[in-house]
There are 2 protein chains.
Amino acid sequence: MEKYVKILKDNNMKITSHRINVLRYLDKHCTHPTADQIYTDLKTNNPSLSKTTVYNALDALESHGIIQAITISGSELHYDITHEMHHHFYCKKCGKIIDIEFCCPNINKMSEYGHEVEEVHGYIKGICKKCIKKGS
Amino acid sequence: MEKYVKILKDNNMKITSHRINVLRYLDKHCTHPTADQIYTDLKTNNPSLSKTTVYNALDALESHGIIQAITISGSELHYDITHEMHHHFYCKKCGKIIDIEFCCPNINKMSEYGHEVEEVHGYIKGICKKCIKKGS
DNA sequence: TTACAAAATTGTAATCATTATAATTTAACA
DNA sequence: TGTTAAATTATAATGATTACAATTTTGTAA
């Protein structure tokens, strides 16, 4: 059984080709794409695909915790497969989102507050290495 | 000289009553309001206020680093006066944003990556204490 | 298999936050 | 006090996302 079918099955989700394609896309592309980028790319091989379907698939996958929405840009959502905790750097110049592989030890303090934690996002914003070089 | 006038002056910004009002509003309200909430509240004492002016004032204040846009909700921007680093908890049920007073020691590692860091946002999402109580 | 019910997909229209525009007014400074 | 650049205003436009209703498909049980 394909990896993605198993993930959907394990989450009691109906197996549809669109969901598999969206999931595979996010697994293969570590670019943190937007719904529109996913839609545009998948549509080339599947012209009948509707953008609403991409939104629905993303919502379904997100509500099961399989993927996460990244709100770093402030203007549109980017998506990422959920895996070990990591953070994101957002370049204000080129808009690229770069993975940052560390996590905060103080997150454990959250239990003191009494809130139920479901997601932790670390967003760092600035100018990326490449844009610094270009700019100078 | 009023506190807010001084802040604007120190940043070489033109002094306007709208900017002062927006800045005072953010200083007095620790609720992380949206542009619309600020607009609605300020409009009661100043009926000629335009929503575009609120957006402009927020943009100007943000570009000078006086305030920060919080992208935690994913659907609209919330604003906060810039002060010591702290993080934010977002309740998925009631939508409230709560200040979390700790910060991550690993942020210093960012220099290793070669990117220029301008902002650090820690967003924690889940269900807040109050909503947990209500729900049970 | 075949049929059924629930859920997914589709295309279109609507929504809502934000931005663009152009005319008017105001702040800062000579 | 007059001038100039910038801020304000109202309105229109944009763009991401959601709502909706008709159609199709999935999962399951006869």
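Quick note on labels: first sequence line is chain A, next is B, and so on, each numbered from 1.
Residues A:Tyr113 and A:His115 bring no donor and acceptor atom of their side chains to less than 3.5 Å of each other.
Separating the OH atom in B:Tyr4 from the CD1 atom in B:Ile15 is a distance of 14.0 Å, to the nearest 0.5 Å.
Atoms OH (B:Tyr55) and P (D:dA7) sit 19 Å apart, rounded to a whole Å. As a whole-Å value, the separation of A:Lys51 NZ from D:dA16 P is 7 Å. If you measure from atom OH of A:Tyr39 to atom P of D:dA16, you get 13 Å, rounded to the nearest angstrom. Put simply, NE2 on A:His64 is 12 Å from P on C:dA7, counting in whole angstrom units. When the P atom of C:dA8 is taken as reference, atom CG of A:Asn11 falls 13 Å away, rounded to whole Å. Taking atom CG of residue B:Leu8 and atom C1' of nucleotide C:dA28, one finds them 14 Å apart after rounding to whole Å. Atoms CG (B:Leu58) and C1' (D:dT8) sit 14 Å apart, rounded to a whole Å. Summarising the geometry, the separation between CD1 on A:Ile20 and P on C:dT9 is reported as 10 Å, rounded to the nearest angstrom.
At least one donor-acceptor pair under 3.5 Å links the side chain of B:Asn21 to the backbone N or O of B:Ser17. Panel note: side chain A:Thr71, backbone B:Thr71; a donor-acceptor pair is recorded below 3.5 Å.
Checked against ring pair (Phe, Tyr, Trp, His ring centres under 6.0 Å), A:His29 has the following partners two or more places apart in sequence or in another chain: A:Tyr25. Shown here are the ring pair (Phe, Tyr, Trp, His ring centres under 6.0 Å) partners of A:His78, two or more places apart in sequence or in another chain: there are none. Taking A:Asn45 as the reference, nothing meets the side-chain hydrogen bond (donor to acceptor under 3.5 Å, both in side chains) condition, with sequence neighbours excluded.
For the helix from C:dT1-D:dA30 to C:dA30-D:dT1, the axis fitted to the five pairs at one end and the axis fitted to the five pairs at the other end meet at an angle of 30° (nearest 10 degrees).
For residues 71-80 of chain A, there are no salt bridge (Lys or Arg N to Asp or Glu O under 4.0 Å) pairs, not counting sequence neighbours. The list of salt bridge (Lys or Arg N to Asp or Glu O under 4.0 Å) pairs with a residue in residues 89-106 of chain A, not counting sequence neighbours, reads A:Lys92-B:Glu118, A:Lys92-B:Glu119. Pairs passing the salt bridge (Lys or Arg N to Asp or Glu O under 4.0 Å) check and including a residue from residues 14-31 of chain A, sequence neighbours excluded, read A:Glu2-A:Arg24, A:Lys3-A:Asp27. Sorted by first and then second residue, the salt bridge (Lys or Arg N to Asp or Glu O under 4.0 Å) pairs with a member in residues 41-69 of chain A read A:Asp36-A:Lys51; sequence neighbours excluded.
Taking the six-membered ring where the residue is Trp, A:His32 and A:His88 present perpendicular rings, their angle passing 60° and hence far from 30°.
For residues 66-81 of chain B, proximity to DNA chain D is found at no residue, defined as any non-hydrogen atom under 4.0 angstrom from a strand atom.
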Taking only N/O atoms, report every protein-nucleotides 11-13 of chain D pair under 3.5 Å with atom names and distance.
{"residue": "D:dT11", "atom": "O4", "partner": "B:Thr52", "partner atom": "OG1", "Å": "3.2"}

For this session: Summarise how protein sits on nucleotides 23-30 of chain D as a single string, 5' to 3': B when a protein heavy atom is under 4.0 Å from the base, S for sugar-phosphate-only contact, - for no contact.
Result: ---BS---

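Under a 4.5 Å side-chain heavy-atom cut-off, the cluster of Ile, Leu, Val, Met, Phe, Trp and Tyr residues that includes B:Tyr55 has no other member.
With D:dT9, C:dT10, C:dT18 as the candidates, the nucleotide lying closest to the side chain of A:Thr53 is C:dT10.
Remark: B:His18 is not in phosphate contact with C:dT26, judged by side-chain N or O atoms under 4.0 Å from OP1 or OP2.
Put simply, the side chain of B:Leu26 reaches to within 4.5 Å of the side chain of B:Ile38, judged on heavy atoms.
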